[in-house]
Amino acid sequence: MCGNNMSVPLLTDAVTVPGGERETAAVIFLHGLGDNGHGWADALSAIKLPYVKYICPHAPRIPVTLNMKMVMPAWFDLMGLSPDAPEDEAGIKKAADSIKSIIEHEVKNGISANRIVLGGFSQGGALSLYTALTSHHKLAGVVGLSCWLPLHKTFPQAACSVNKEISILQCHGEADPMIPVRFGTLTSEKLKSVVAPSKVQLKTYPGVMHNTSQEEMMAVKDFLEKVIPRV
């Protein structure tokens, strides 16, 4: 290993699940509001591919407007959860840059960008979509669970053309009371205007609320096996 985690702040205490053999791919997975990387590291361990390294960073603690300015782990500030709510544009772009630093670090350490998948749940999924679409690296894919596309009105103009063919898997619980499945459908339609429509896949799950299910995690595993196969 070359490169120094200290130069990438989010990597200093990120939870990393190493591959059981030579690592030829990486998944960077971002947790939701108020959470941390530990639970997702456990969930990803259960569907682990042996040649993949899983990196689950922790968001910084910031005041969140939606939660009465309480300080909690958040990738950026949230003012509301409707498609028309005002957004923390500066915070979203700063957070995306911090995730792009992790991508750069992995590329410098020998993992090709086209073998890196970004993923996340809720706010983390939102950030993974935004980061992938604005990345100058051609990435393997994105997994967005129960999420939306931040700054959606800036797309498709804000997107980097290098990821026009990126594969995107969205999964959404049909009983989600926080981010209704309709937002997932609207996001899917928007994504089809940004990347090749055939590359966007939305799977919905009856009875699933703002969380995941075993069926959903198996869909994630199948997706990862397709976009970052063993080499």
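Basis for what follows: all heavy atoms, side chains included, without hydrogens, waters or symmetry-related copies.
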Just by modelled atom types, is the [Y] backbone N or O under 3.5 Å from a matching donor or acceptor in the [X] side chain?
| X | Y | value |
| --- | --- | --- |
| K190 | F155 | yes |
| E89 | L151 | no |
| H210 | D176 | no |
| H152 | P83 | yes |
| H172 | L202 | no |
| Y51 | I228 | yes |
| S135 | H137 | yes |
| T131 | S128 | no |

When rounded to the nearest 0.5 angstrom, what is the spacing between [atom1] in [X] and [atom2] in [Y]?
| X | Y | atom1 | atom2 | answer |
| --- | --- | --- | --- | --- |
| I92 | Y130 | CD1 | OH | 7.5 Å |
| Q201 | S188 | CD | OG | 9.5 Å |
| E23 | N109 | CD | CG | 10.0 Å |
| D88 | I62 | CG | CD1 | 6.5 Å |
| H136 | I103 | NE2 | CD1 | 11.0 Å |
| F121 | I179 | CZ | CD1 | 8.5 Å |

Other residues, nucleotides and ligands only: do more than 12 of their heavy atoms fall within 6.0 Å of [atom1] on [X]?
| X | atom1 | result |
| --- | --- | --- |
| K94 | NZ | no |
| M72 | CE | yes |
| Q214 | CD | no |
| K192 | NZ | yes |

Contact check, side chains of [X] and [Y], non-hydrogen atoms, under 4.5 Å:
| X | Y | value |
| --- | --- | --- |
| V107 | I116 | yes |
| V64 | D77 | yes |
| P18 | Y54 | no |
| Q123 | F76 | yes |
| V195 | N163 | no |
| L191 | L133 | yes |
| R61 | P73 | yes |
| P229 | R115 | yes |

Open item on the list: I'd like to know if K108 pairs up with E104 as an ion pair, taking the criterion as any Lys NZ or Arg NE/NH1/NH2 lying under 4.0 Å from an Asp or Glu carboxylate oxygen.
Closed with: no
Task: Short N-O contact, K153 and E87, less than 4.0 angstrom - done: no
TODO: For E165 and K199, work out which heavy atoms get closest and say how close.
DONE: O-CE, 3.3 Å
Open item on the list: Checking side-chain polar atoms at under 3.5 Å, does T134 have a donor or acceptor matched by the opposite partner on K100?
Closed with: yes
Task: side chain to side chain contact (heavy atoms under 4.5 Å, CB included) partner of V27, the single match among L49, I55, V117, V220 - done: V117
Open item on the list: Hydrophobic clustering (ILVMFWY, side-chain heavy atoms < 4.5 Å, transitive) - are F183 and V143 grouped together?
Closed with: no
Task: Derivation of the ring-ring contact (aromatic ring centres under 6.0 Å, His included) call for H38 and H31 - done: CA-CA 9 Å; H38 290 288; H31 63 74; 9.8 Å; no
